[in-house]
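Read the structure below first, then the notes.
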Amino acid sequence: MGPLKGVRILELAGIGPGPFAAMVLADLGAEVIRIDRRSGVGGGSRRDVLNRGRRSIALDLKKPEAVAAVLRLAERSDALIEGFRPGVTERLGLGPEVVAECNPRLVYGRMTGWGQTGPLSQAAGHDINYIALSGALGAIARQGEAPLPPLNLVGDFGGGGMFLALGVVAGVLEARSSGKGQVVDVAMTEGSAILMAMLYSMHAGGMWSLEPGTNLLDSGAHFYDTYRCSDGEYIALGSIEPQFYAELREKAGLSGAEFDAQMDREAWPELKVKLAEVIARKSRDEWCELMEGSDVCFAPVLNMAEAPKHPHNVARGSFIEVEGAVQPAPAPRFSRTECDAPAPSAIIGEHTDEVLGEFGFGADEIEALREAEAI
């Protein structure tokens with residue numbers, strides 16, 4: 001099941017955002033075959049969330065026999081995805097031009113931090129570097145404090161893996177009408193920049209200051225921030241609209257006239273201090289009792305052990321357990337082509353013979369590949 005049922009994708013195994021993109025595609029029903037390194041055979045964990053939902057074959061891509069095997073798989077696939085530095089797959093003999101000769105309809109998804117071209121394309125980097133260059137990291141800070149790395153959500157996963165999955169789906173859709181594949185060049189710097197589109201728009205319109213921590217959405221406003229409760233836990237408030245702000249005032253007892261001018265930026269620092277004092281008088285559970293489910297725009301700040309147990313997440317099945325590992329369920333939801341529960345992560349090389357057999361390799365060919373130490 002899933003809307004991508006019938007789509008077959010080869011994944012040249014990597015780390016982080018590459019497996020994430022493959023996971024998303026597999027969650028949505030695509031058949032994703034992970035091509036792992038032969039040296040890792042027998043490794044991996046059933047609880048590796050990023051590798052869930054797909055089979056694994058193990059090849060030594062330094063062997064010409066293994067490269068030839070991948071090209072045979074590509075003949076009957078819709079897409080191939082990789083996340084190496086520019087030029088790596090070309091040196092392996094698996095670059096886009098070679099693969100296109102085997103299957104002109106195949107979509108070749110490439111994801112890097114800086115992109116396939118440009119003066120930084122060959123430089124090493126991580127999420128924090130890519131989002132620094134896009135302007136995203138510089139905007140994530142409280143006033144007077146250093147930028148705060150937002151885990152690796154903005155570059156690796158939001159700006160990288162998710163855009164790779166989207167690009168592959170778009171490419172496959174187009175190829176089915178044109179009969180031609182193409183290369184999808186995903187750069188995490190550009191992906192994270194696109195995630196900043198609204199903020200760039202606000203800045204262009206004079207509605208966003210370049211000084212972090214002084215704006216509507218970056219902890220500058222007293223009504224859009226997190227606050228510490230009496231028990232040391234935190235709550236999150238997002239009472240932007242006037243009617244939601246009015247409800248916040250009513251439920252928190254903010255009756256003072258100083259809270260009337262909600263959008264007076266000069267008053268925000270003082271109001272933040274006063275609101276923090278109010279929130280600190282009650283525990284997180286007490287604020288949940290008062291505000292949760294209301295139009296305050298409120299939520300408790302939960303950790304990863306608490307989130308799966310929250311009644312709303314439980315009611316929607318937002319988290320599942322696979323092989324004893326609690327993890328996010330596939331998203332989004334589809335009314336007709338419902339996604340299956342994902343299979344646990346494969347052990348490296350677990351499906352080598354099975355997959356090759358399905359692609360037309362005879363038993364003698366598989367044995368020859370094994371004798372050549374290609375699989």
Side-chain angles (χ1 to χ4, degrees), residues 9-25 34-40 50-51 59-64 66-68 70-71 74 77 79-103 106-140 147 149-168 170-171 181-197 200:
I9 300 168
L10 303 179
E11 170 199 1
L12 300 185
I15 60 173
F20 175 77
M23 181 200 76
V24 169
L25 293 164
R34 194 174 82 235
I35 300 174
D36 282 304
R37 294 184 179 184
R38 180 180 178 274
S39 59
L50 289 183
N51 282 332
L59 290 82
D60 182 353
L61 294 180
K62 294 182 180 179
K63 302 280 187 177
V67 172
V70 174
L71 293 175
S77 300
L80 179 150
I81 61 176
E82 58 98 351
F84 304 122
R85 287 198 203 190
V88 169
T89 57
E90 282 85 351
R91 291 192 290 274
L92 290 172
L94 290 171
E97 293 183 359
V98 175
V99 175
E101 291 178 2
C102 297
N103 182 357
L106 183 135
V107 174
Y108 199 106
R110 322 191 77 173
M111 177 174 55
T112 59
W114 311 111
Q116 294 295 313
T117 60
L120 294 177
S121 62
Q122 290 294 330
H126 277 297
D127 177 294
I128 192 171
N129 311 120
Y130 311 137
I131 68 173
L133 205 68
S134 71
L137 181 60
I140 303 173
L151 305 181
N152 60 334
L153 302 180
V154 177
D156 280 353
F157 300 125
M162 197 64 78
F163 274 94
L164 177 59
L166 174 62
V168 166
Q182 59 185 307
V183 175
V184 180
D185 176 3
V186 178
M188 296 177 209
T189 297
E190 294 161 3
S192 61
I194 291 178
L195 296 178
M196 291 280 290
Y200 271 104

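Side-chain atoms are counted along with the backbone in the values below, which use heavy atoms only and exclude waters and symmetry mates.
Annotation: the span from Asp36 atom CG to Arg38 atom CZ amounts to 13.5 Å, rounded to 0.5 Å. To the nearest 0.5 Å, atom CG of residue Leu120 and atom OG1 of residue Thr189 are 8.0 Å apart. For the atom pair CG of Leu164 and CD of Glu82, the computed distance is 9.0 Å after rounding to the nearest 0.5 Å. One finds the CE atom of Met162 at 9.5 Å from the CG atom of Leu166 (value rounded to the nearest 0.5 Å). To the nearest 0.5 Å, atoms CG (Leu61) and CZ (Arg91) are separated by 13.5 Å. Between the CG atom of Leu153 and the CG atom of Asp127 there is a distance of 8.0 Å, given to the nearest 0.5 Å.
Nearest heavy atoms, Gly159 versus Val186: O-CG1, 4.2 Å. Contact record, Leu10 with Val70: CD1-O, 4.2 Å, taken as the closest heavy-atom pair. In terms of heavy-atom proximity, Leu195 sits nearest to Gly158 at CD1-C, 3.8 Å. Summarising the geometry of Met196 relative to Ala139, their closest heavy-atom pair is CE-CB, 4.0 Å, with the distance given to 0.1 Å. Closest approach of Ala136 and Val154 over heavy atoms only: CB-CG1, 4.2 Å. Between Gly93 and Val98, the shortest heavy-atom distance links the atoms O-CG1, 3.5 Å.
In this structure, the side chains of Pro149 and Ile140 stay at 4.5 Å or more apart for every pair of heavy atoms. Looking at heavy atoms from C-beta onward, Asn129 lies in side-chain contact with Trp114 at the 4.5 angstrom threshold.
The closest donor-acceptor contact from the side chain of Gln116 to the backbone of Ser121 lies at 3.5 Å or more, if one exists at all. The main-chain N or O of Ile9 is never found under 3.5 Å from a side-chain atom of Ser77 such that the two would form a donor-acceptor pair. Formation of a donor-acceptor pair under 3.5 Å by the Asn103 side chain with backbone atoms of Ala74 is found in this model. Looking at Tyr130, its side chain does come within 3.5 Å of a backbone N or O of Gly125 through a donor-acceptor pair. Arg34 places no side-chain N or O within donor-acceptor distance of the main-chain N or O of Ala13, the cut-off being under 3.5 Å.
Screening Asp156, Leu137, Asn152, Leu151 for a side-chain contact (heavy atoms from CB on, under 4.5 Å) involving Ile128 leaves a single residue, Leu137. Checked options Arg110, Glu11, Met111; the residue passing with Ile81 is Glu11 (criterion: side-chain contact (heavy atoms from CB on, under 4.5 Å)).
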